[in-house]
Amino acid sequence: MTTRKIAVIPGDGIGPEGIDAGMSILERVNAASKLGLEFVTFGWNADEYLRTGISMPHGAMEDIRNNYAAVYLGAFGDPRVPDMKHAADILLGMRFQLDLYVNYRPVKLLNERLSPLKAKGTKEIDFVIFRENTEGAYVGMGGFFKKGTAEEIAVQEDVSSRKGVERIIRYAFEFARKTGRPSVCMADKNNVMRYGGDLWLRTFEDVAKEYSEIESFHMFVDALTMQMVRAPEMFGVIVTNNMFGDIVTDLGAALQGGLGVAASGNINPGKVSLFEPIHGSAPKYAGKDVANPFGAILTAAMMLEYLGHQAEADVIEQAVIDAIEANETTHDLGGALGTKAAGEAVGKRLRL
Ligand SMILES: NC(=O)c1ccc[n+]([C@@H]2O[C@H](COP(=O)([O-])OP(=O)(O)OC[C@H]3O[C@@H](n4cnc5c(N)ncnc54)[C@H](O)[C@@H]3O)[C@@H](O)[C@H]2O)c1
């Protein structure tokens with residue numbers, strides 16, 4: 001059996017509690033299905049950064065790039081590090097240096113009871129958002145002119161490359177083809193962002209021609225937010241840029257029951273990729289055994305899916321669905337359990 005290494009980075013705040021719950025599930029599934037995964041935990045977080053001044057040791061990025069199949073990460077953010085330096089070095093560092101250009105965000109309602117929309121249930125709320133993860137406004141290009149004066153000007157660049165746009169759009173179409181999703185919608189704002197938007201639209205139309213069996217359509221991102229609420233069933237796969245994706249994926253999380261149940265993947269196809277629940281470190285809940293661990297557990301399932309273990313990923317998702325159905329959840333989903341007990345409620349329902 002070949003062994004594949006997984007880097008586990010619990011991080012700050014509620015991150016470690018979610019990762020603990022996810023790891024107890026992963027270890028059981030790994031042993032029962034003989035997946036051959038070896039988990040290596042790294043204690044990089046705000047405590048470590050404040051103690052040593054080092055966010056990530058020299059050579060660690062190369063080690064992860066060369067020797068690991070995936071990264072399983074909790075969350076970063078600590079009020080004692082207001083500039084988020086350690087988080088930027090580790091999380092954004094990995095996104096850019098490992099070229100994790102696909103941000104994969106399934107929006108799937110797991111139980112009708114969690115729907116915030118009248119008359120929209122599990123059948124209607126089930127689509128996937130792909131957010132471009134390495135370009136756009138997040139490259140940090142721009143500058144000030146006459147900073148601090150009354151005439152101050154700030155310029156923030158939004159960067160789109162043909163290569164960057166094409167690869168995320170192609171990934172969205174490939175995913176639709178592979179999973180039998182009927183359509184891909186590209187959302188932008190090309191009526192205002194004329195140059196970047198024009199590149200996105202031309203690229204989308206070019207790539208769509210190669211996937212004639214999949215319906216393709218374009219929407220302005222403002223209209224997209226309205227339709228995600230009015231008629232979520234019209235979407236199969238959505239693809240959009242870094243900033244619009246950042247915003248619409250939070251709306252997606254609200255549609256599926258909140259930040260506590262949403263998982264995400266930061267993927268470089270075929271290479272080491274990073275999986276994290278979409279919530280942050282929620283400092284006010286840290287160490288109190290109240291945070292919902294389902295986002296971290298569903299993230300573990302997503303990581304297994306990426307590693308080619310779809311059956312095991314499905315078993316974990318089904319166990320979460322069954323725990324929600326039994327109302328064995330944390331408070332945010334209407335239950336009365338703590339983090340640990342909610343994780344155990346999933347663990348005892350694993351049908352391995
Ligand atoms: N990827 C990341 O690591 C990431 C993402 C977002 C925010 N952050 C950081 O996290 C810190 C806190 O940020 P924030 O308060 O804006 O976002 P947050 O996601 O940490 O929390 C926002 C609110 O959502 C709810 N929530 C989040 N996760 C939950 C869970 N698992 N169970 C139940 N409720 C949950 C809570 O009410 C919480 O107050 C900041 O330092 C921020 O920069 C990190």
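Side chains included, hydrogens not; waters and symmetry mates left out as well; all remaining heavy atoms used. Whatever order the structure lists them in is the order used to number ligands and atoms, beginning at 1.
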Only heavy atoms of A75, strictly under 4.0 Å: list the atoms of ligand 1 that pass. 3 (O)
Output yes when a protein non-hydrogen atom is found under 4.0 Å of atom 41 (O) of ligand 1, and no otherwise. yes
Identity and distance of the protein heavy atom lying nearest atom 20 (O) of ligand 1: A282 N, 2.7 Å
Is the ring centre of Y101 less than 6.0 Å from the ring centre of F130? no
Could you tell me whether P293 approaches ligand 1 through its side chain, its backbone, both or neither, with non-hydrogen atoms closer than 4.0 Å? neither
Looking only at protein heavy atoms, what sits closest to atom 28 (N) of ligand 1 is H279 CB, 3.1 Å
Under 4.0 Å from ligand 1, counting heavy atoms only, is it the side chain of I14, its backbone, both or neither? side chain
Ligand 1 atoms in contact with G280 (distance to a heavy atom under 4.0 Å): 4 (C), 5 (C), 6 (C), 7 (C), 8 (N), 10 (O), 18 (P), 19 (O), 20 (O), 44 (C)
Can you find a heavy atom in the side chain of I214 that is under 4.5 Å from one in the side chain of R177? yes
Report, as yes or no, whether the 6.0 Å neighbourhood of atom CZ on R113 holds more than 12 heavy atoms from other residues, nucleotides or ligands. yes
Please confirm whether L259 comes within less than 3.5 Å of ligand 1 when only nitrogen or oxygen atoms on both sides are compared. no
Are the aromatic ring centres of Y72 and F39 under 6.0 angstrom apart? no
I'd like to know if the side chain of K288 and the backbone of K284 have a donor-acceptor N/O pair within less than 3.5 Å. yes
Is M84 in polar range of ligand 1, meaning some N or O pair under 3.5 Å apart? no
Would you call D158-K189 a salt bridge at under 4.0 Å N-O? no
When hydrophobic residues are tied together by side-chain contacts of less than 4.5 Å, even through go-betweens, does V229 share a cluster with F244? yes
Between D322 and R351, does at least one N-O distance fall below 4.0 Å, as a salt bridge requires? yes
Enumerated ligand 1 atoms positioned under 4.0 Å from heavy atoms of E276: 1 (N)
Under the salt bridge (charged side-chain N to carboxylate O under 4.0 Å, His left out) rule, collect the residues that match up with E132, sequence neighbours excluded. none
With a cut-off of 4.0 Å, which atoms of ligand 1 are near a heavy atom of D332? 33 (C)
Any non-hydrogen atom of P79 lying under 4.0 Å from ligand 1? no
Pair R181 + D126: basic N to acidic O under 4.0 Å: yes
Does D78 pair with R80 as a salt bridge, N-O distance under 4.0 Å? yes
Looking at G77, which atoms of ligand 1 are within less than 4.0 Å of one of its heavy atoms? 41 (O)
Please write down residue, atom name and distance for the protein heavy atom closest to atom 11 (C) of ligand 1. S281 OG, 3.2 Å
Could you tell me whether atom 14 (P) of ligand 1 has at least one protein heavy atom nearer than 4.0 Å? no
For ligand 1, is F294 a contact, meaning one of its heavy atoms is under 4.0 Å away? no
Taking 4.0 angstrom as the limit and counting only heavy atoms of Y285, give me the atoms of ligand 1 inside it, by number and element. 34 (N), 36 (C), 37 (O)
If you scan protein heavy atoms around atom 32 (N) of ligand 1, the nearest is N292 N, 2.8 Å
Using heavy atoms and a threshold below 4.0 Å, how should the contact between L91 and ligand 1 be classified: side chain, backbone, both, or neither? side chain
Considering only protein heavy atoms, which is closest to atom 9 (C) of ligand 1, and at what distance to one decimal place? F76 O, 3.1 Å
As an exercise, identify every atom of ligand 1 less than 4.0 angstrom from a heavy atom of P283. 12 (C)
Hey, are R202 and D206 close enough for a salt bridge, meaning a charged N less than 4.0 Å from a carboxylate O? no
Does a sphere of radius 6.0 Å around CE in M141 hold more than 12 heavy atoms from other residues, nucleotides or ligands, not counting ones at 6.0 Å or beyond? no
